[in-house]
Amino acid sequence: MQRSLQDKLAILADAAKYDASCASSGTTRRDSVKGGIGSAGGSGICHAYTPDGRCISLLKILMTNFCIYDCAYCINRVSSGVERARFSPEEVVSLTLEFYRRNYIEGLFLSSGIIRSPDSTMADMVRIARMLREEHGFKGYIHLKTIPEAAQELIDDAGLYADRLSVNIELPRDDSTRQLAPQKKPETIRSAMASVRLRQEESKERTYRGRKAQRFAPAGQSTQMIVGADAANDRDILTTASRLYTGYRLRRVYYSAFSPIPDASKALPLIKPPLMREHRLYQADWLLRFYGFEVGEIAGVAPSGNLDLEIDPKLAWALAHRGLFPVDVNKAGKEMLLRVPGFGTKTVGRILTARRSGALRYADLLRIGAIMGKAKSFVSTPDWSPGALVDSDGLRARFLPQPQQLSLF
């Protein structure tokens with residue numbers, strides 16, 4: 001049956017929702033001031049930026065949800081009975097341009113199932129990016145999900161046209177990958193990540209003639225891990241994430257709670273993990289990247305290696321290390337201030353700046369932006385001390401959501 005473009009879009013846009021590694025970071029690499037269409041980081045389109053600088057509103061689709069692989073956790077696996085569709089490269093280009101002209105999007109996130117072969121699929125994705133850039137002068141954001149098994153020259157080409165590349169590791173443990181995705185090799189995935197990192201580093205160096213090398217994926221690379229599809233605990237997940245950040249210079253690791261799929265393998269859990277687990281992993285990831293925490297500190301609070309679902313990881317750590325508190329905000333160093341619940345990185349920066357002019361008091365912390373509902377149990381100022389509160393048995397209960405009467409109707 002011949003499908004219309006609208007039918008294909010409905011199927012392949014819905015299929016793309018399972019890939020979480022698509023938040024763009026924005027870049028000034030390309031701009032349409034000197035001609036072309038769109039902008040990845042300047043004026044000319046209606047951007048919406050998140051506080052950490054990520055650019056949103058992307059056309060997020062699969063090129064196809066046909067796939068020759070049989071990954072147990074994937075709804076598009078070859079043995080799945082899901083409805084299939086496929087875009088031609090020309091159709092993806094046309095959709096991207098038309099959606100942009102209507103000001104619906106700022107760019108494209110393109111992923112795909114593996115059809116025919118990794119090389120054939122990757123070649124089509126690179127062709128799409130090349131057509132957008134070279135034939136249509138598209139200056140908007142492009143994020144390509146690369147296929148690790150594809151030839152190196154294809155991945156190299158992808159980085160010349162895309163702002164960001166993602167190589168999805170999908171499962172945090174190698175043994176889980178071998179069991180649930182037997183056609184994928186963890187070593188191949190890591191090798192692809194390493195090659196992207198090397199090409200990025202090379203692109204920052206000048207050629208032997210002193211010229212700048214061609215830009216390569218200037219917004220970096222990212223990956224996704226599925227949470228709850230295997231037996232990995234949060235310590236396993238965060239350990240893998242930490243290694244990816246340090247070893248491959250990833251910009252982001254995205255966490256996606258496993259969602260049960262039709263006709264699932266018996267190796268998969270019957271129910272999905274709580275979404276709060278995904279949220280706690282993002283909070284812990286932030287602590288690793290910006291607050292100076294180590295995996296063992298965050299995940300070592302509970303013997304199970306899992307994060308506390310009732311309270312955030314920083315608060316859980318503070319409650320487990322009460323002997324380090326209260327912290328004197330006028331004397332403590334930056335490292336310790338960053339560990340105070342209710343103090344963010346901006347708040348700590350303001351504290352360090354403001355206390356040069358004199359001692360800070362409780363009201364000053366409120367004006368600076370500290371969340372004193374959390375912080376007051378862990379800090380002291382000239383006019384405030386938590387006293388015995390920091391050691392009280394009921395301190396944890398103060399931070400738990402208040403019980404609510406269930407409605408009978």
Side-chain angles (χ1 to χ4, degrees), residues 1-27 29-32 35-42 44-48 54-67 75-76 82-116 120-147 150 154 157-166 168 217 219 222 224:
M1 181 182 69
Q2 188 72 24
R3 297 190 186 280
S4 69
L5 190 60
Q6 186 173 356
D7 290 337
K8 292 180 184 180
L9 182 60
I11 294 169
L12 295 173
D14 182 71
K17 68 185 179 183
Y18 295 98
D19 197 323
S21 58
C22 67
S24 73
S25 61
T27 174
R29 172 189 181 185
R30 302 180 175 91
D31 193 277
S32 58
I37 298 175
S39 172
I45 64 174
C46 184
H47 278 297
R54 290 180 295 114
C55 172
I56 61 173
S57 298
L58 305 176
L59 174 60
K60 180 183 178 186
I61 54 174
L62 296 184
M63 187 175 70
T64 179
N65 64 345
F66 286 98
C67 193
I75 195 168
N76 298 317
V82 69
E83 191 175 15
R84 308 285 182 172
R86 181 186 177 189
F87 284 128
S88 69
E90 290 76 14
E91 286 174 328
V92 175
V93 171
S94 176
L95 280 170
T96 302
L97 296 175
E98 291 304 314
F99 270 76
Y100 175 77
R101 290 188 177 107
R102 288 166 172 78
N103 203 30
Y104 294 155
I105 62 169
E106 290 95 2
L108 170 69
F109 171 76
L110 183 63
S111 182
S112 183
I114 312 300
I115 186 168
R116 292 198 300 272
S120 174
T121 305
M122 194 74 232
D124 280 346
M125 294 175 72
V126 171
R127 182 184 168 204
I128 289 168
R130 182 186 294 114
M131 289 169 67
L132 283 168
R133 297 295 194 209
E134 296 184 350
E135 296 181 21
H136 299 279
F138 184 71
K139 304 297 192 298
Y141 185 90
I142 296 179
H143 180 155
L144 295 182
K145 178 181 173 184
T146 58
I147 300 167
L154 290 171
D157 286 346
L160 298 178
Y161 299 107
D163 295 285
R164 173 168 287 185
L165 301 178
S166 59
N168 283 3
S222 60
Q224 171 183 269

Measure across [X] and [Y] and return the closest heavy-atom pair with its distance rounded to 0.1 Å.
| X | Y | result |
| --- | --- | --- |
| Arg133 | Tyr141 | NH2-C, 4.5 Å |
| Thr121 | Ser112 | CG2-OG, 3.5 Å |
| Ala85 | Phe66 | O-CD1, 3.7 Å |
| Phe87 | Leu62 | CD1-O, 3.5 Å |
| Glu106 | Phe138 | O-CZ, 4.4 Å |

Close side-chain approach of [X] to [Y], heavy-atom, < 4.5 Å:
| X | Y | result |
| --- | --- | --- |
| Lys8 | Ile61 | no |
| Thr146 | Leu154 | no |
| Ile142 | Leu110 | no |
| Leu59 | Tyr100 | no |
| Arg164 | Ser222 | yes |
| Asn76 | Arg84 | yes |

Point-to-point distance, once rounded to the nearest 0.5 Å, from [atom1] of [X] to [atom2] of [Y]:
| X | Y | atom1 | atom2 | value |
| --- | --- | --- | --- | --- |
| Met125 | Ser111 | CE | OG | 5.5 Å |
| Phe109 | Ser57 | CZ | OG | 15.0 Å |
| Lys139 | Leu132 | NZ | CG | 11.0 Å |
| Leu97 | His136 | CG | NE2 | 5.5 Å |
| Ile114 | Cys67 | CD1 | SG | 5.5 Å |
| Arg86 | Ile11 | CZ | CD1 | 14.5 Å |

Between Asp163, Leu165, Ile128, which is the residue that forms a side-chain contact (heavy atoms from CB on, under 4.5 Å) with Leu144?
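Running side-chain contact (heavy atoms from CB on, under 4.5 Å) over Asp163, Leu165, Ile128 with Leu144 returns exactly one hit, Leu165.
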Please check: side-chain N/O of Asp124 versus main-chain N/O of Ser88, any donor-acceptor pairing under 3.5 Å?
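No.
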Using a strict threshold of under 4.0 Å (side-chain N to carboxylate O), is an ion pair present between Glu90 and Arg127?
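Here Arg127 pairs with Glu90 in a salt bridge, since their nearest N and O are under 4.0 Å apart.
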Apply side-chain contact (heavy atoms from CB on, under 4.5 Å) to residues Arg130 and Asp157 and explain how you reach the verdict.
CA-CA 9 Å; Arg130 182 186 294 114; Asp157 286 346; 4.1 Å; yes
